[in-house]
Amino acid sequence: MVPKGFIEDSDITAAARSVLLVGRVRADPSIRVMAQIKSSLAPEGKKVAFKLDEENGFAWIGEYDIDLDELLGGSSTESVLKRAEKLIKEVLDDGAKASDYVVERAKEKQISQRTLKTANKNLEVKSIKTKEGWKWQL
């Protein structure tokens, strides 16, 4: 039982309209990522990163693709880039699809356009112009 007048952490989070989290990237401990974990008044913001080291001090990196699970040290072992490549393979497996369609599927899975572009390059996806618009094909 919580003592009278005592405020729990979950009460503070529940009362806040926006909550930010800063976590360390496992692969490079000098990189920290700030992510919005609650946003009840506006769309959720993008994750941004900065670097801390003794030589250069503080430096902004900018937008950063990382799963919250991975940032919090969870069991997620699949990188965002690998998830993007997997998504492209699944969507384009049975033939060419509208590029807008693939971008929307990626957005649903919280994969940025930048990561999607890198995955496209890695998989050598071809862009084809048709009467209906641009399509992607493996």
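Remark: E63 CD to Q113 CD distance equals 10.0 Å, nearest 0.5 Å. Remark: E54 CD to L52 CG distance equals 11.0 Å, nearest 0.5 Å. Taking CZ of R105 as the reference point, atom CD of E90 lies at 12.5 Å (rounded to 0.5 Å). K97 NZ to L92 CG: the interatomic distance, rounded to the nearest 0.5 Å, is 6.5 Å.
Pairs engaging residues 45-70 under the ring-ring contact (aromatic ring centres under 6.0 Å, His included) rule: F50-F58, F50-W60, F58-W60 [sequence neighbours left out]. Judged as a side-chain hydrogen bond (donor to acceptor under 3.5 Å, both in side chains), the pairs with a partner in residues 35-52 (not counting sequence neighbours) are, in order, S18-Q36.
Not one N or O on the side chain of K126 forms a donor-acceptor pair closer than 3.5 Å with the backbone of L138.
With a 6.0 Å radius and a threshold of 12 heavy atoms from other residues, nucleotides or ligands, E132 has its CD atom above the threshold.
Looking at V25 and R32, their side chains never come closer than 4.5 Å, going by heavy atoms from C-beta outward. Between I111 and L87 the shortest side-chain heavy-atom distance falls below 4.5 Å. At a threshold of 4.5 Å between non-hydrogen side-chain atoms, the residues R24 and I31 do not count as touching. At least one side-chain heavy atom of K89 sits less than 4.5 Å from a side-chain heavy atom of L123. E70 is listed as a side-chain neighbour of I66, based on a closest heavy-atom distance under 4.5 Å.
In this structure, the side chain to side chain donor-acceptor pair (under 3.5 Å) partners of S112, at least two apart in sequence or on a different chain, are D65, T115. The salt bridge (charged side-chain N to carboxylate O under 4.0 Å, His left out) check on K107 picks up E104, with sequence neighbours excluded.
Through direct or indirect side-chain contacts shorter than 4.5 Å among Ile, Leu, Val, Met, Phe, Trp and Tyr, L41 is connected to no other residue. Alongside L81, the hydrophobic cluster contains no other residue (criterion: ILVMFWY side chains under 4.5 Å).
The shortest non-hydrogen separation linking V33 to A49 is CG2-CB, 4.0 Å. Counting all heavy atoms, side chain and backbone alike, R83 lies closest to D67 at NH2-OD1, 2.8 Å. Heavy-atom minimum distance, N56 versus D53: N-OD1, 2.6 Å. When every heavy atom of V102 is checked against every heavy atom of I88, the shortest pair comes out as CG1-CG1, 4.4 Å. The shortest heavy-atom contact between W136 and N120 is CH2-ND2, 3.1 Å.
Transitive grouping of hydrophobic side chains (ILVMFWY, heavy atoms separated by less than 4.5 Å) brings V125 and V103 into a common cluster. Put simply, L116 and V91 are part of the same group of oily side chains (I, L, V, M, F, W, Y) that touch within less than 4.5 Å, one to the next. Following chains of ILVMFWY side-chain contacts shorter than 4.5 Å, one can reach V22 starting from V48, so the two form part of one hydrophobic cluster.
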I would like to know whether N122 and E85 meet side chain to side chain contact (heavy atoms under 4.5 Å, CB included); could you show each step before the answer?
CA-CA 8 Å; N122 291 352; E85 290 173 355; 2.8 Å; yes
